[in-house]
Amino acid sequence: MEYGISTSCFYPELTENSVLNLAEHGIKTIELFLNTYRETKPDFSKKMKRYLTEYQMKAISVHPFTSGYESMLFFSEYPGRFEDGLEHYRQLYFDFMHEIGAKILVLHGCIDHISMEKNRYYERFAKMRDFCKREGIILAQENVAPFKSHSVSFIRDMKTYLHGEVEFVLDIKQAVRAGEDPFEMMEVMGENIVHTHISDHTKEKDCLPIGEGDFDFAKYFKKMQKYSFSGAAVIELYRSNFGQIEQLYLAYRQLELLF
């Protein structure tokens, strides 16, 4: 198991500046949260590759800034848009990921209020997964509070319907925001978890730096070992969740003590 920090923690700081900040603090494993089209272009991916090589860092995953469009691109009733959506993602992200060596593409999926039968969603995901797999990319469904993937029951049914042919990103804060138990979400995702976004929380605040809340991370990682998890546990906070940047690195040091 590896551990690191997502560049999303610095938003709205420029992504390249966020990577350099992480590098200067000795962080070796990161998630890249891309924020705009220019960050998918060859010049930017080459710059990222140069930074990663120079500082001996590894980008585990890419979080697309187009997550909010996935309902329209992939989960509408219009088949032509789905096919074009796949090609759009291939052009935006796949070459970038190959350049920097990232394997996991994080998927939010369909917003919860849009009407779509679960089985139809799962079938669309399977087509997307196969498309990504042919390109050497792991498409991983994240549990996200405002999306269909927010609930334990949806994830359980997804895994069953797809006969285990699915990968997941387990996000602690998103489970909390959806009123779900992160440990129950873990049990349902099980051996299909390939990546996890971690954060602390209290009853009053659902997203905090590690060490500033009540969550039992020792128990969390012990249970993850039960499922032979070998991916990365990446701190993913919002910039409003901490005051000083040093709090982010103190959270990382707390994480170090658990490994």
Side-chain angles (χ1 to χ4, degrees), residues 5-9 11 31-35 60-76 85 89 92-93 102 104-126 128-129 132 137-162 166-190 192-201 205-208 213 215 220 224 229 231-241:
I5 300 177
S6 172
T7 61
S8 66
C9 299
Y11 183 87
E31 174 177 270
L32 277 172
F33 197 117
L34 300 183
N35 292 299
I60 291 289
S61 55
V62 166
H63 198 303
F65 70 95
T66 48
S67 293
Y69 306 147
E70 287 168 354
S71 298
M72 180 183 69
L73 289 174
F74 303 118
F75 298 98
S76 77
Y89 262 43
L92 280 180
Y93 302 116
I104 298 170
L105 183 65
V106 179
L107 180 79
H108 282 193
C110 184
I111 202 81
D112 197 29
H113 69 259
I114 292 178
S115 177
M116 172 172 274
E117 292 183 358
K118 287 194 295 185
N119 291 354
R120 187 166 176 79
Y121 181 103
Y122 303 151
E123 289 164 3
R124 287 286 181 87
F125 174 86
M128 293 178 68
R129 180 181 183 269
C132 291
I137 302 296
I138 298 169
L139 182 70
Q141 174 71 67
E142 183 178 20
N143 62 295
V144 186
F147 288 73
K148 293 190 181 297
S149 61
H150 75 275
S151 71
V152 166
S153 61
F154 184 90
I155 296 297
R156 180 188 293 112
D157 291 347
M158 185 175 192
K159 187 175 175 181
T160 299
Y161 189 86
L162 297 175
V166 56
E167 287 75 35
F168 294 116
V169 179
L170 173 53
D171 190 305
I172 294 173
K173 67 180 171 301
Q174 293 293 344
V176 172
R177 289 180 173 183
E180 301 282 356
D181 182 350
F183 289 101
E184 188 177 354
M185 186 68 76
M186 181 199 300
E187 298 246 346
V188 170
M189 291 182 173
N192 296 74
I193 302 171
V194 295
H195 190 49
T196 181
H197 292 152
I198 59 173
S199 56
D200 213 335
H201 60 271
K205 296 182 178 181
D206 59 22
C207 186
L208 291 168
F215 192 68
Y220 185 79
M224 288 288 266
F229 176 70
V234 172
I235 297 172
E236 188 190 68
L237 307 171
Y238 304 110
R239 187 60 187 87
S240 59
N241 297 137

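The analysis underlying the following values was restricted to heavy atoms, covering all of them including side chains, and did not include hydrogens, waters or symmetry mates.
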*Are the side chains of I155 and M189 in touch, meaning some heavy atoms are under 4.5 Å apart?*
yes
*Basic-acidic side-chain contact under 4.0 Å: K173, D171*: yes
*Nearest heavy-atom neighbours spanning E70 and P64*: OE2-CG, 4.0 Å
*State the CD-CG distance between E236 and N241, to the nearest 0.5 angstrom.*
10.0 Å
_Just verifying a value: how many Å separate R156 CZ and E184 CD, rounded to the nearest 0.5 Å?_
6.5 Å
*Give a yes or no answer on whether the side chain of N143 reaches the backbone of S149 with a donor-acceptor pair at less than 3.5 Å.*
no
_Rounded distance [0.5 Å steps], CE in M185 versus CD1 in I193_ = 10.0 Å
*Applying side chain to side chain contact (heavy atoms under 4.5 Å, CB included), run through T66 and L92 and close with a yes or a no.*
CA-CA 10 Å; T66 48; L92 280 180; 4.3 Å; yes
*asked:* Tell me every residue that passes salt bridge (Lys or Arg N to Asp or Glu O under 4.0 Å) with R239, counting only those two or more places apart in sequence or in another chain.
replied: none
_Smallest separation among heavy atoms of C9 and I235, with atom names_ = SG-O, 3.5 Å
_Does the plane of the ring in F183 sit parallel, tilted or perpendicular to the ring in F215? Use 30° and 60° as the thresholds._
parallel
*Mind listing the closest non-hydrogen atom pair of Y89 and L73 along with its distance?*
CE1-CD1, 3.9 Å
_Please determine whether the number of non-hydrogen atoms from other residues, nucleotides or ligands lying under 6.0 Å from atom OH of Y122 exceeds 12._
yes
_Show the nearest heavy-atom pair for residues I111 and S71, with the distance to one decimal._
N-OG, 2.8 Å
*Got a second to check how far K148's NZ is from C110's SG, nearest 0.5 Å?*
5.0 Å
*Report the distance from atom CE of M186 to atom CE of M224, rounding to the nearest 0.5 Å.*
5.5 Å
_Intermediate values then yes/no, side chain to side chain contact (heavy atoms under 4.5 Å, CB included), L34 and Y93_ = CA-CA 9 Å; L34 300 183; Y93 302 116; 4.1 Å; yes
*Looking only at atom types and distance, does a side-chain atom of D157 sit under 3.5 Å from a main-chain N or O of F154, one as donor and one as acceptor?*
no
*For the atom pair CG (L170) and CD1 (I198), what is the distance rounded to the nearest 0.5 Å?*
10.5 Å
*Please walk me through it: do V106 and F33 pass side chain to side chain contact (heavy atoms under 4.5 Å, CB included)?*
CA-CA 10 Å; V106 179; F33 197 117; over 6 Å; no
_If you define the side chain from C-beta out and look only at heavy atoms, does anything of I104 sit under 4.5 Å from I60?_
yes
*Set of residues satisfying side-chain hydrogen bond (donor to acceptor under 3.5 Å, both in side chains) with respect to E142, sequence neighbours excluded*: H108, H197
*Taking the six-membered ring for Trp and the full ring for Phe, Tyr or His, determine whether the centres of Y121 and F75 are under 6.0 Å apart.*
yes
_Quick one: does any side-chain atom of R124 pair with a main-chain N or O of S76 as donor and acceptor, under 3.5 Å?_
yes
_Would the distance check show the side chain of S61 and the main-chain N or O of L105 forming a donor-acceptor pair, the cut-off being under 3.5 Å?_
no
*Which atom names give the shortest non-hydrogen contact between S199 and L237, and what distance separates them?*
CB-CD2, 3.6 Å
*Using the test side-chain contact (heavy atoms from CB on, under 4.5 Å), find all partners of D206 that sit at least two apart in sequence or belong to another chain.*
V176, R177
*Mind listing the closest non-hydrogen atom pair of V166 and M158 along with its distance?*
CG2-CE, 4.1 Å
*Can you list the steps and then say if F168 with V194 is a side chain to side chain contact (heavy atoms under 4.5 Å, CB included)?*
CA-CA 6 Å; F168 294 116; V194 295; over 6 Å; no
*With distance as the sole test, does K159 use its side chain to make a donor-acceptor pair with the main-chain N or O of V188 at under 3.5 Å?*
yes
*Just by distance, do the side chain of Q174 and the backbone of V144 share a donor-acceptor pair under 3.5 Å?*
no
*E31 and H195: side-chain donor and acceptor closer than 3.5 Å?*
yes
*asked:* Please check if the number of heavy atoms outside K205 that lie under 6.0 Å from its NZ is greater than 12.
replied: no
*Are any of the side-chain heavy atoms of R129 and E167 separated by less than 4.5 Å?*
yes
